[in-house]
Novice: 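Dumping the structure here so I can ask a few things about it.
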There are 2 protein chains.
Amino acid sequence: MSAPKLARVIDIHALKNACSSCSLREMCLPIGLSQDEIDKLDQMVYTRKRVKRGDSVYRSEEKFGSLYAVRSGFFKTTLVMEDGRDQVTGFHMAGDMLGMDGIGADQHSCNAVALEDSEVCVIPYGRLEELSREVYVLQQHFHKVMSREIVREHGVMLLLGSMRAEERLAAFLLNLSQRFTSRGYSASEFNLRMTREEIGSYLGLKLETVSRTFSKFQEDGLIGVQQKNIRIVDSEGLKSVLGRDPS
Amino acid sequence: MSAPKLARVIDIHALKNACSSCSLREMCLPIGLSQDEIDKLDQMVYTRKRVKRGDSVYRSEEKFGSLYAVRSGFFKTTLVMEDGRDQVTGFHMAGDMLGMDGIGADQHSCNAVALEDSEVCVIPYGRLEELSREVYVLQQHFHKVMSREIVREHGVMLLLGSMRAEERLAAFLLNLSQRFTSRGYSASEFNLRMTREEIGSYLGLKLETVSRTFSKFQEDGLIGVQQKNIRIVDSEGLKSVLGRDPS
DNA sequence: CGGAAATGTTGATGTGGATCAAACCAATTA
DNA sequence: TAATTGGTTTGATCCACATCAACATTTCCG
């Protein structure tokens, strides 16, 4: 009588951890894989890890061993200069992959910090390499994920190198909105998980400038701001902030 | 009498194009491969392409098909915004890999333009995928190359987001110097292949600021500048420009 | 060669965003 | 309910870099 019960417990546990039943499978590693192939993934991704707000998944200089797929929650990645200045290099949400910076030198080169209580799937890198030699679609997909990270960073470079404060913040909001949308959340209303200072650090601005610009957007009827809550009122207007000359 | 002659011509040609005899094999794809494996590479990299100064290897939106290893010469990669503003996202020299931005969306997302007459090895991406499924060391190496590109871009983000003009230029010069060194050229004297405007675009500065900062470094005895020729006089001094507060 | 175009330098002035400073607000904790 | 803490807003002022402008130098090419 107890054996079946135990079995069921294990089943439920397996189910909970499986890529095959993950709601993110369409935007995470399993994209395009057959059932067979996803089963292989399930064997590879055998750990889930909770990360409390403020804790990190990995830190700069730490030995690299695994990639991490964000299962739930919200992360920032940061770089720190010798003199202590630091910079946010990205914000990451469910379905995003973390840790690819570590492959090249076999140690991480940034910190991945949870901005709220979160959960990641641990993907042992050696296993991923193995499996992607066997499963073509997986190899292909993994390469795309890395490539897209490169392209994402290109975009940030453009933002930091060529845009004015208002453009940066507009681009930031539109990008967040788009990413929430593609995850099935509202495009027009969401909660920021990061502080003004973190936004500023990401955008190469000071927190006061971020705050002032939010206020200006609000006055101009583009958005509604109330602390961390953002409503996008006029998304076309926001878009038109990009690439319009200073006025 | 003519057969051997022809054969020799072909040999020389093959030799010229072969990864196995390439002087860059220690910093390009062949790193760590056995003779056997390099022979396979030779079959994959069967085209060389000359690119004249000003011409591009690929352009944004173009269909992606191959990666390119810089064999000789010097390149910049650039992004263009809708409104025409453009931004240099990198400078690339012998041994560097170009085109990885194209994998994710199957089309290139930047322009790769030769800053001097150059030569690239064409690496058909499908073949690279195939081969890296067979040859573990190649897979590993390719992943490292992509990862390092991510890390390089992190560095640029830090530079653009957190450094002042002098720091940016010092970091730029030190980086160039280091890359020339690792290719066997002088660490202390080299020729810039790009204009002040291109440097400025890369560093998020105007060309006038670049020019002024060069002059200042010269006055301070850190470098010697004569148009495109740069001599690094006091590399420790240059390093100390980084992360020192405005003075 | 010589003239035009591109590139680089330097000066004078302007400005977007940084810095400094003071409240304000929301969430905890006592 | 008050006190504390971390985050946000807003105003006043400052400065690093942009902009505008004039000129110098190099490169290109008929």
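Lettering follows sequence order; numbering is per chain, from 1.
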Novice: In this structure, how many angstroms lie between the P atom of C:dC24 and the CZ atom of A:F214, rounded?
Specialist: 23 Å
Novice: When you measure from the side chain of B:R164, which nucleotide among D:dT9, C:dT9, D:dC17 comes out closest?
Specialist: D:dC17
Novice: By the 4.0 Å heavy-atom rule, please label A:G200 as base, sugar-phosphate, or nothing.
Specialist: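 Nothing, no heavy atom under 4.0 Å.
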Novice: Between A:E167 and B:R85, is there a salt bridge with N-O shorter than 4.0 Å?
Specialist: yes
Novice: Expressed as a whole number of angstroms, how long is the span from A:R212:CZ to C:dT19:P?
Specialist: 12 Å
Novice: Does A:T209 put a side-chain nitrogen or oxygen below 4.0 Å from OP1 or OP2 of C:dG17?
Specialist: no
Novice: For B:D96, run the salt bridge (charged side-chain N to carboxylate O under 4.0 Å, His left out) check against B:R183, B:R152, B:R148 and tell me which one passes.
Specialist: B:R183
Novice: Would one find a side-chain N or O of A:S215 under 4.0 angstrom from OP1 or OP2 of D:dT10?
Specialist: yes
Novice: May I ask you to check whether A:Y125 and A:F64 place their ring centres under 6.0 Å from each other?
Specialist: yes
Novice: Assess whether atom NZ of B:K206 is packed by more than 12 heavy atoms of other residues, nucleotides or ligands within 6.0 Å.
Specialist: no
Novice: Give a yes or no on whether the ring-centroid distance for B:Y185 and B:F190 is below 6.0 angstrom.
Specialist: no
Novice: Looking for any heavy atom pair under 4.0 Å, which part of the strands does A:L207 touch: base, sugar-phosphate only, or nothing?
Specialist: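 A:L207: base contact, heavy atoms under 4.0 Å.
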Novice: Quick one: B:I199 CD1 to D:dC17 P, roughly how many Å, whole number?
Specialist: 16 Å
Novice: To the nearest Å, give me how far apart NZ (A:K216) and P (D:dT9) are.
Specialist: 16 Å
Novice: Nearest to the side chain of B:A165, which nucleotide is it out of D:dT19, D:dC17, D:dT10?
Specialist: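 Of all the options, the side chain of B:A165 is nearest to D:dC17.
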Novice: B:N229 CG to D:dT26 P: how many Å, rounded?
Specialist: 13 Å
Novice: Between C:dG8 atom C1' and B:Q226 atom CD, what is the distance in whole Å?
Specialist: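 Distance, rounded to whole Å: 12 Å.
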Novice: Choose from C:dC20, D:dA18, D:dC20 the nucleotide whose nearest atom is closest to any side-chain atom of A:E208.
Specialist: C:dC20
Novice: Would B:N111 and B:S56 count as having a side-chain donor-acceptor pair, cut-off 3.5 Å?
Specialist: no
Novice: Out of D:dT19, C:dA18, D:dC17, which nucleotide sits closest to the side chain of A:K206?
Specialist: C:dA18
Novice: Measure CG/B:L169 against P/C:dG8 and give the value in whole Å, please.
Specialist: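 In whole Å, C:dG8 P and B:L169 CG are 13 Å from each other.
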Novice: Between the side chain of B:S240 and the main-chain N/O of B:G237, is any donor-acceptor distance below 3.5 Å?
Specialist: yes
Novice: Under 3.5 Å, which N/O atoms of the protein pair with N/O atoms of nucleotides 5-7 of chain C?
Specialist:
none

Novice: Heavy atoms from C-beta onward define the side chain here; which of D:dA12, C:dT9, D:dT19 lies closest to that of B:V225?
Specialist: C:dT9
Novice: Whole angstrom is fine here: how far is it from CD in A:E116 over to P in C:dA27?
Specialist: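 Distance, rounded to whole Å: 16 Å.
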